Amino acid sequence: MKVDWLIVGAGFTGSVLAERIATQLKQKVLLVEQRNHIAGNAYDYYDEHGILVHKYGPHIFHTNAKHVWDYLTQFTKWRSYYHRVLGVVDGKQVPLPFNFNSIYALFPSNYADELIKQLIEQYGLNIKVPILKIRQTAKGEQLKFLADYIYDNVFHNYTFKQWNLKPEELSPAVTARVPIHTSRDDRYFQDIYQGMPKYGYTTLFQNMLNHPNIKVLLNTSYREIADEIQCKKMIFTGRIDEFFSYIHGDLPYRSLDFKFIHSEQKQMQLVATVNYPNEYDYTRITEFKHLTGQSAYGSTYIEEYPQAYKSGKNIPYYPIPKDEYKDLYRQYRLEADKMKERVLFAGRLADYQYYNMDQAVARALVLFKEINR
Ligand code: FAD
Ligand code: UDP
């Protein structure tokens, strides 16, 4: 079979590139996906109870990049949605990211007033401060106490469950994703654009890939068809170490096991996600109806159990953001650079980057610009 482009992986990265190449360059694309569906880890479907669920864990769209939002808006309408998370701390459900409301929920009001006054004095109002930074810089006994309290009760055990590492053993950017807010803003994300695709992610992808220049081949891994396809150029969005047959060793990943539970209750928790830093083997529970706005009798929720990644046994969900693995990744990047006239690499797995969906889209759009130069 002859095509202009072979793209491996039908997640955000591969699908955005397929769409751009098909519609803007008017060239033929074969999009190959090893799973039995498009949409990568953002895939959603209606479960046997008729509830729209996310197969690979809860996905909430948020971005500050107008061009990314505008681009996706061609393929979906949006349901306005601001993600809310409560974390169980000292037996109470308090807002996360940790903010003034969390302080008032946990401490007597006079003491809370004092802590907040000191936070504002040192860091300013409406500022986001990563936990590792607060721990290093907090002045005075009370703020030092608060920093240790948040670290111990919100970050330490959750991070250990999620990564099997302590917060300071990972890139500081990991815990900085959920910074302490010197405000009363309870939203999990503060991005300008936030929402859920009105008819789900899979429909968004169907609209993106619905073009005569795009053929999608499911249930097929790259290796199965590599010898049979003649293409001018290829884009690979799978694991970069797998592509190069692990010549420099395996890049490490973290995996998850998901447990879906259906309840006859109309609603089982107050907000979409409740985090359990200190209890249970799972890190969080997400109830899908909060995200999708679906009205139905029962409700389906998901528990996330972090796992070691084991090749062939589970899915490599998270690249592990740690300097030594960046060095290993660079060795693969050098291999990739040697073949850049024929094969391009991009995406969460190929770039070995902890991308959110909007970053994967932005990365694909930048790569398309380079292709189109
Ligand atoms: P993927 O979606 O992983 O797509 C890659 C595709 O390539 C996969 O479908 C895979 O099967 C296929 N593939 C790989 N190798 C091969 C091969 N050899 N042959 C054929 N096919 C292959 N982001 C957010 O913005 N908000 C969230 O709330 C959010 N929640 C998340 C929750 C979880 C539990 C996880 C794991 C991620 C979450 N993300 C979230 C991140 C989001 O999933 C990624 O940003 C996005 O999926 C990256 O897209 P991608 O195309 O690079 O990778
Ligand atoms: N984190 C934490 N406690 C929480 C929430 C987050 O320690 O209650 C840390 C943890 O290390 C986690 C990281 O912050 O992996 C990023 O959290 P986020 O919710 O962004 O994770 P994701 O949705 O990507 O799994």
Side-chain angles (χ1 to χ4, degrees), residues 6-17 31-43 54-63 68 83 85-89 94 96-98 130-131 150-151 153-163 165-167 170-171 173-179 188-189 191 194 196 201 205 217-226 236-240 242-243 253-256 258 272-278 283-284 286 291 302 304 306 315-319 321 346-351 353-364:
L6 171 63
I7 301 184
V8 179
F12 267 107
T13 309
S15 299
V16 167
L17 282 155
L31 182 59
V32 177
E33 168 56 56
Q34 64 192 4
R35 292 171 170 165
N36 64 359
H37 58 74
I38 55 172
N41 284 344
Y43 174 68
H54 298 179
K55 179 163 182 171
Y56 304 100
H59 278 67
I60 298 103
F61 192 84
H62 55 101
T63 190
V68 168
H83 193 43
V85 176
L86 295 172
V88 179
V89 174
V94 308
L96 293 180
F98 208 91
I131 183 61
I150 300 172
Y151 178 87
N153 287 286
V154 178
F155 287 96
H156 182 272
N157 297 342
Y158 186 109
T159 301
F160 208 77
K161 259 197 270 188
Q162 175 74 9
W163 301 97
L165 292 168
K166 293 181 185 159
L170 286 154
S171 155
V174 174
T175 42
R177 288 168 63 91
V178 189
Y188 202 64
F189 308 112
D191 302 49
Q194 306 193 33
M196 296 293 293
Y201 288 98
F205 275 77
L217 189 58
L218 298 177
N219 299 306
T220 309
S221 85
Y222 160 66
R223 294 247 177 253
E224 288 173 65
I225 47 99
F236 190 80
T237 76
R239 290 177 59 171
I240 193 166
E242 179 196 307
F243 185 90
Y253 290 90
R254 211 51 194 153
S255 190
L256 292 170
F258 298 115
T273 300
V274 178
N275 285 7
Y276 294 87
N278 308 303
T283 46
R284 58 188 177 190
T286 300
L291 306 181
I302 184 173
E304 295 179 49
I315 296 173
Y317 286 117
Y318 291 86
R348 182 146 152 153
L349 297 168
D351 290 335
Q353 285 282 336
Y354 188 176
Y355 288 147
N356 290 326
M357 291 181 280
D358 66 321
Q359 293 169 306
V361 173
R363 166 75 172 107

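One-based numbering, in listed order, for ligands and for the atoms of each. FYI, the numbering just counts along the sequence from 1. Because the structure is a prediction, the values reported are computed rather than measured.
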Checklist entry - Can you check whether Leu218's main-chain N or O pairs, donor with acceptor, with Thr220's side chain at less than 3.5 Å? => result yes
Next on the checklist: Just to confirm my output: which protein heavy-atom neighbour is closest to atom 7 (O) of ligand 2, and how far is it?
Outcome noted: Thr159 OG1, 3.0 Å
Checklist outcome for this item: atom 2 (C) of ligand 2: closest protein heavy atom, distance to 0.1 Å, is Tyr158 CD2, 3.4 Å
Checklist entry - Is a side-chain donor or acceptor of His54 paired with a backbone partner of His59 at a separation under 3.5 angstrom? => result yes
Item to check | Aromatic ring proximity Phe258/Tyr317, centre distance under 6.0 Å | outcome: yes
Checklist entry - Looking at atom 8 (O) of ligand 2, what's its closest protein heavy atom, distance included? => result Asn275 ND2, 3.0 Å
Checklist entry - To which protein heavy atom is atom 25 (O) of ligand 2 closest, and what is the distance rounded to 0.1 Å? => result Tyr318 OH, 2.6 Å
Checklist entry - With a 4.0 Å cut-off on heavy atoms, is Arg223 touching ligand 1? => result no
Checklist entry - Is it true that Ala42 lies under 4.0 Å from ligand 1, counting heavy atoms only? => result no
Next on the checklist: Using a 4.0 Å cutoff against the non-hydrogen atoms of Val174, which atoms of ligand 2 qualify?
Outcome noted: 11 (O), 13 (C), 14 (O), 16 (C)
Checklist entry - When you measure from the side chain of Asn278 to the backbone N and O of Asn153, does any donor-acceptor pair fall under 3.5 Å? => result yes
Next on the checklist: Could you check whether any heavy atom of Asp351 sits closer than 4.0 Å to an atom of ligand 1, since that is the contact criterion I want to use?
Outcome noted: no
Checklist entry - Of all the non-hydrogen atoms in the protein, which one sits nearest to atom 22 (P) of ligand 2, and at what distance? => result Tyr354 OH, 3.4 Å
Checklist entry - If you measure from each heavy atom of Tyr355 to ligand 1, is any distance below 4.0 Å? => result yes
Item to check | Tyr318 six-ring centre to Arg348 NZ/CZ under 6.0 Å and within 45° of normal | outcome: yes
Next on the checklist: Any atom of ligand 1 sitting under 4.0 Å from a heavy atom of Phe243?
Outcome noted: no
Checklist entry - Does Val154 reach ligand 2 with a nitrogen or oxygen that is under 3.5 Å from one of the ligand's nitrogen or oxygen atoms? => result yes
Checklist entry - At under 4.0 Å between heavy atoms, which part of Arg284 makes contact with ligand 2: side chain, backbone, both or neither? => result side chain
Next on the checklist: So, using side-chain hydrogen bond (donor to acceptor under 3.5 Å, both in side chains) as the criterion, who are the partners of Thr273 when residues are at least two apart?
Outcome noted: His83, Thr286
Next on the checklist: Counting non-hydrogen protein atoms only, what is the nearest one to atom 19 (O) of ligand 2? Give residue, atom name and distance.
Outcome noted: Tyr188 OH, 2.6 Å
Next on the checklist: For ligand 2, which is the ligand I care about here, please tell me if Trp163 has any N or O atom under 3.5 Å from one of the ligand's N or O atoms.
Outcome noted: yes
Checklist entry - In the protein, which heavy atom is nearest to atom 17 (O) of ligand 2, and how far is it? => result Val178 CG2, 3.5 Å
Next on the checklist: Tell me the protein heavy atom at minimum distance from atom 20 (O) of ligand 2, and give that distance in Å.
Outcome noted: Arg177 NE, 2.8 Å
Checklist entry - What part of Thr283, side chain from CB on, backbone N/CA/C/O, both or neither, has a heavy atom under 4.0 Å from ligand 2? => result neither
Checklist entry - Who passes side-chain contact (heavy atoms from CB on, under 4.5 Å) against Pro321, sequence neighbours left out? => result Trp163, Leu170, Ser171, Val174, Tyr354
